[in-house]
Amino acid sequence: MTFIDKHTSGFNTRAVHAGQELDPVYGAVVPPIHLSSTYAPEAIGKLRKGYDYGRGTNPTRDALQTQIAGLETGNADTGYAYTFSSGLASETALLMATCKPGDRVVVGNDVYGGTYRLLDKVLGPWQLEHQVVDMSNLDQVREALVSAKARILWVETPTNPLMKIADIAALAELAKEFDTLLVVDNTFATPYLQLPLKLGADVVVHSTTKYMGGHSDTIGGALVTENAELAEAIKFQQYAAGASNSPLDSYLVTRGLKTLGVRMDRHVANATAVAQWLTEQPGVEKVHYPGLEDHPGHEIAKQQMSGFGGMVSVQFKAGVEATRKVAESTHVFRLAESLGGVESLLNYPTAMTHASVEGTELAVPGNLIRLSVGIEDIDDLIGDLEQALQGL
């Protein structure tokens, strides 16, 4: 599949058209969902347009992969994207494609709890080693890379849930110096706000469940690279290990991506307003949002992002019990895991998304709430938070 026009390179145009060729039979503007599990060859050994069995190849999945490649790389013809049944499935495929027992992964000290659990509990017994560092501290990262050979430098920016910012370009230079793969989880920023491959990353990871899908109705993951050799290794894992996403999930993410730019503009505007409002509240101890000028990563975020994202975390002075009460007192913000949907969600990471890191150096403060700020009217969002914070 090719992009519609080399001269039509705007993000929103690519989001709408990349991988979305007209149906050749009926001229349908929206490509059909191909639910078939198998495809009849023209003859033995002669496949029809490369399709044989749905685990490995599917036209709807291919359309999504072309679309994502076009957004992360700027050109659907130069990048490679592969989609999976979940974000963690994509991470597993990447680690299996690039690592072997005894290899080491250097990972940030504020990452999604599921990523840490995968490294520690699932692949740790497989003898994949990991070391935790502060990715915003380049000296600490260099020290880790000097101490022992690392196969992967695994970065989230902004991080989950403390919204730390890592300098992707600087980390890319370090990774290259030490012959290490730089992997960037771009789920929070999305390709609309940040392009890690253009900053020197080797692989981009996404939970397509989040902003890419955008409507809390699908689960999936994606890996994107411009390295052809690495792409082949990932493609083999997708087929051989079988964690590819379904045609329906592929379609839902494709549909969501077509409005990603429009949605992210609203997410960013609302999150900025919420973050600024929270800084003015007497019961608030700290607001974590890279769009605030006092955020330690603000200047780097300005350089590598075109917007500061829709995620805000906040810590309260009153402590754990009061924080839990706030988390259970909102109405527009729904208490639930996940993020990135059109609706606003509120999460208490310590007991929810990051319960797996409790007791480790990645443990999340008990007085912290993570907000996924949706696209509702800002007055309603702030009004909801205001009533929930009463009594702090």
Side-chain angles (χ1 to χ4, degrees), residues 1-4 11-42 47-73 75-90 92-94 187 190-191 204-225 231-232 234-261 263 340-341:
M1 296 183 181
T2 57
F3 184 51
I4 58 169
F11 181 91
N12 290 300
T13 304
R14 279 180 279 130
V16 172
H17 292 288
Q20 304 300 297
E21 285 83 358
L22 295 176
D23 169 48
V25 178
Y26 300 107
V29 173
V30 176
I33 304 174
H34 293 268
L35 295 173
S36 181
S37 63
T38 191
Y39 302 84
E42 295 180 13
L47 303 181
R48 296 178 191 270
K49 298 184 179 181
Y51 294 102
D52 58 353
Y53 185 59
R55 183 186 71 240
T57 54
N58 175 273
T60 311
R61 187 185 309 129
D62 284 349
L64 171 61
Q65 292 175 159
T66 299
Q67 187 183 26
I68 292 175
L71 297 181
E72 277 290 353
T73 67
N75 187 330
D77 291 335
T78 62
Y80 308 87
Y82 298 95
T83 55
F84 297 84
S85 56
S86 70
L88 280 170
S90 67
T92 302
L94 176 60
T187 298
T190 80
V204 167
V205 177
H206 278 284
S207 170
T208 60
T209 309
K210 312 305 193 295
Y211 287 107
M212 282 190 166
H215 294 79
S216 302
D217 57 6
T218 180
I219 293 177
L223 300 172
V224 193
T225 184
E232 280 300 313
I234 294 170
K235 181 180 180 181
F236 176 77
Q237 286 294 325
Q238 184 194 52
Y239 169 75
S244 54
N245 57 327
S246 73
L248 181 57
D249 285 312
S250 295
Y251 164 75
L252 289 172
V253 176
T254 281
R255 184 178 65 172
L257 280 171
K258 291 178 181 181
T259 60
L260 179 61
R263 289 186 285 105

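Since the structure is predicted, the reported quantities are computational estimates derived from the model, not experimental observations.
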> Considering non-hydrogen atoms only, spot the tightest contact between T187 and H206 and give its length.
OG1-CA, 3.5 Å
> Check whether any side-chain heavy atom of Y82 lies under 4.5 Å from a side-chain heavy atom of L94, and answer yes or no.
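They are not in contact (no side-chain heavy atoms under 4.5 Å apart), so the answer is no.
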> Write down the atom of G79, the atom of T73, and the distance for their closest heavy-atom approach.
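Scanning both residues, the minimum pair turns out to be CA-CG2, 3.8 Å.
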> Please report the closest heavy-atom contact between M212 and P191, naming both atoms and the distance.
CE-CD, 3.9 Å
> Roughly how far apart are R14 CZ and I68 CD1, rounded to 0.5 Å?
13.5 Å
> Would you say that N245 contacts L64 through its side chain, given a criterion of any heavy-atom pair below 4.5 Å between the two side chains?
yes
> For the NZ atom on K235, are there more than 12 heavy atoms of other groups (residues, nucleotides or ligands in this structure) within a distance under 6.0 Å?
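Counting other residues, nucleotides and ligands, NZ of K235 stays at 12 neighbours or fewer.
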> Identify the two heavy atoms, one from L223 and one from A93, that lie closest to each other, and give their separation to 0.1 Å.
CD1-CB, 4.5 Å
> Using a 3.5 Å distance criterion without hydrogens, assess whether the side chain of T259 forms a donor-acceptor pair with backbone atoms of G256.
yes
> Where the side chain of R263 meets the backbone of Y211, is there a donor-acceptor pair that is under 3.5 Å apart?
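Checking the backbone N and O of Y211 against the side chain of R263, a donor-acceptor pair under 3.5 Å is found.
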> How far apart are the closest heavy atoms of A81 and A69, and which atoms are they?
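So the minimum-distance heavy-atom pair works out to CB-N, 3.7 Å.
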> Should the heavy atoms of other residues, nucleotides or ligands under 6.0 Å from OH of Y239 be counted, would the total exceed 12?
no
> Kindly indicate whether the side chain of Q65, heavy atoms from C-beta on, has any atom under 4.5 Å from the side chain of Q238.
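Yes - at least one pair of side-chain heavy atoms lies under 4.5 Å apart.
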> Taking atom CZ of F236 as the centre, report whether more than 12 heavy atoms of other residues, nucleotides or ligands fall under 6.0 Å from it.
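Result for CZ/F236: open.
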> Taking S244 for the side chain and F84 for the main chain, is one N or O donor matched with an acceptor at less than 3.5 Å?
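No.
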> Strictly distance-based, threshold 3.5 Å: is any side-chain N or O of T208 a donor or acceptor partner for the main-chain N or O of G220?
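Yes; at least one donor-acceptor contact below 3.5 Å.
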> State the OG1-CZ distance between T83 and R61, to the nearest 0.5 angstrom.
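If we round to the nearest 0.5 Å, T83:OG1 and R61:CZ are 6.0 Å apart.
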> Could you pull out every donor-acceptor pair under 3.5 Å between side chains of residues 22-37 and any protein atom, sequence neighbours left out?
residue, atom, partner, partner atom, Å
D23, OD2, Y26, N, 2.8
S36, OG, T38, N, 3.3
S36, OG, T38, O, 2.6

> Has the side chain of R55 got a donor or acceptor atom that lies under 3.5 Å from a matching backbone atom of G242?
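No, because the side chain of R55 does not come within donor-acceptor range (under 3.5 Å) of the backbone of G242.
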> Might you point out which heavy atoms bring T218 and G213 nearest each other, and give the distance in Å?
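Looks like CG2-CA, 4.3 Å.
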> Using a strict 4.0 Å threshold on nitrogen-to-oxygen distance, state whether R255 and D217 make a salt bridge.
yes
> Supply the atom-to-atom distance Y80 OH to T225 OG1, rounded to the nearest 0.5 angstrom.
8.5 Å
> Say you draw a straight line from CG of L71 to CG of N12; how long is it, rounded to the nearest 0.5 Å?
9.0 Å
> Just checking I219: does its CD1 atom have more than 12 heavy atoms from other residues, nucleotides or ligands closer to it than 6.0 angstrom?
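Atom CD1 in I219 is not crowded, with 12 or fewer foreign heavy atoms closer than 6.0 Å.
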> Could you check whether any side-chain N or O of Q67 sits under 3.5 Å from a backbone N or O of T254, counting only pairs where one atom can act as donor and the other as acceptor?
yes
